[in-house]
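Inspection log for the structure reproduced underneath, given as structure tokens.
As a basis for the values below, the full set of heavy atoms in this structure was taken, side chains included, without hydrogen atoms, waters or symmetry mates. In each ligand, atom 1 is the first atom listed, and ligand 1 is the first ligand listed.
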Amino acid sequence: MNPDFYGCSPVDLSTWVEDAGLPAFRAKQLFTYLHSQQPERFAEVTVLPKALREQWDAAFRLAPGTEVERQESRDGTVKSLLEFADGKRAECVSIPTASRHTICVSSQVGCAVGCTFCASGLRGVERDLQAGEIMWQVLHHHRRRPVTHIVFMGSGEPLFNYEAVLRAIRLLGDPAGMGLSRRRITVSTSGVAERIRQLGDDEPQVTLALSLHAADNATRSQLVPLNRRWNVDHLIEALQDYATKVGRRMTFEYVLLADANMSPQHAQDLGRLARRFGAHINLIPFNPVIQTPHQRPSWDEVEDFAAAVAAAGGHATIRGQRGADIDAACGQLALKHADG
Ligand code: SAH
Ligand code: SF4
């Protein structure tokens, strides 16, 4: 199997470099070159001696993926479809603002969770992405403008691909590479209780976003099938353990579905739970996915819900929609390729 070079740390690369008879310092130099120049082939890696460069170019693939489609939104958002060596595809989205360049990355091809409102879970999970495949989504856009923030909000459940996600977080933070602060990385999860605890131990600086969507079990089990395994009570216990270890404010994500989770009672349950954890709530009006049964609420309904959440003590903002004209908004990834 081709080595996952973009998923290697400087220490991992040192084995390669030393086996090739080069001094150990070359490993860090190679790592820095990969992360700053994003070469696609070893032939471009001018920090390696020419003979080795040619030998490795003939033997190995360097970039784990190629961009096979690119769509640019009127608001500057760019969605890229990457194809990996085995032909599997995943999307990543670049979201520029005046002061930030955020990349929304996928952690798996497809998703096993199957939330009723999401395009990514329509066909189940096909496979986990490797750390290098996650890194390439970021580096691929880093060329255009330096990346400042990462959100694991593309396709897949990041905590079901925990090892590779953790490795990618550490590679992103490596000072010999991008040196991205953990505080600028957000991991969004549909609620894998055990792994939430583990993330708190392994990387307490990373921001946790819990995709809540309903604070009561009856509603949540309908929308997020994972709730039947780890229900709201389990999640609350995991969040309590997490909060005692981690001093960071967490986020609750809440997709607003006109027909499912927007009653006054839902707003009150959400506001109370968020207040208990000091969590910030992101209200996300449903981005239409035609293969799902859901309806987008009217603006008045969204505002009324936000007001009811605030009245119950919740601190909420309504998330603006970026890239909607190219189906790059949350949950719309993989829409065009669901049959591909
Ligand atoms: N699997 C992880 C991360 C990827 S989904 C998770 O569920 O958290 C990232 C976010 O997009 C989640 O909050 C998810 O609920 C939201 N989302 C999914 N489908 C959506 C849709 N159709 N409209 C709006 N948000 C959606
Ligand atoms: Fe998977 Fe997240 Fe989509 Fe649910 S919302 S199906 S967990 S990607």
With heavy atoms only and a cut-off of under 4.0 Å, state how [X] meets ligand 1: side chain, backbone, both or neither.
| X | value |
| --- | --- |
| I284 | side chain |
| E253 | side chain |
| V113 | neither |

Give a yes or no on whether C118 keeps an N, O or S atom under 2.8 Å from atom 1 (Fe) of ligand 2.
-> no

Donor-acceptor pair, [X] side chain versus [Y] backbone, under 3.5 Å?
| X | Y | result |
| --- | --- | --- |
| R167 | G7 | yes |
| E203 | G200 | no |
| T32 | A176 | yes |
| D259 | Q295 | yes |
| R53 | E44 | no |
| W136 | G65 | yes |

Run the side chain to side chain donor-acceptor pair (under 3.5 Å) check on Q222 and T219 step by step: do they pass?
-> CA-CA 5 Å; Q222 286 203 334; T219 312; over 6 Å; no

N/O/S atom of C115 inside 2.8 Å of atom 3 (Fe) of ligand 2, strictly under = no

Only heavy atoms count here, so choose which of Y254, F160, F252, F117 is nearest to atom 22 (N) of ligand 1.
-> F117

N/O of V289 under 3.5 Å from N/O of ligand 1, yes or no?
-> no

With a cut-off of 4.0 Å, which atoms of ligand 1 are near a heavy atom of [X]?
| X | result |
| --- | --- |
| G154 | 4 (C) |
| G156 | 1 (N), 2 (C), 3 (C), 4 (C) |
| T189 | 6 (C), 8 (O) |
| F152 | 3 (C) |
| C118 | 18 (C), 19 (N) |
| F286 | 21 (C), 22 (N), 23 (N) |
| H213 | 13 (O), 15 (O) |
| E157 | 1 (N), 2 (C) |

Between H213 and N261, does any side-chain donor sit less than 3.5 Å from a side-chain acceptor?
-> no

Donor on one side chain, acceptor on other, T207 and R183, under 3.5 Å | no

Can you tell me if S211 has a non-hydrogen atom under 4.0 Å from ligand 2?
-> no

To the nearest 0.5 Å, how far apart are CE in M135 and CG in L139?
-> 4.5 Å

Quick one: which ligand 2 atoms are inside 4.0 Å of a heavy atom on S190?
-> 7 (S)

Under 4.0 Å from one or more heavy atoms of G156, ligand 2 contributes atoms 8 (S)

More than 12 foreign heavy atoms under 6.0 Å from NE2 of H315: is that the case here?
-> no

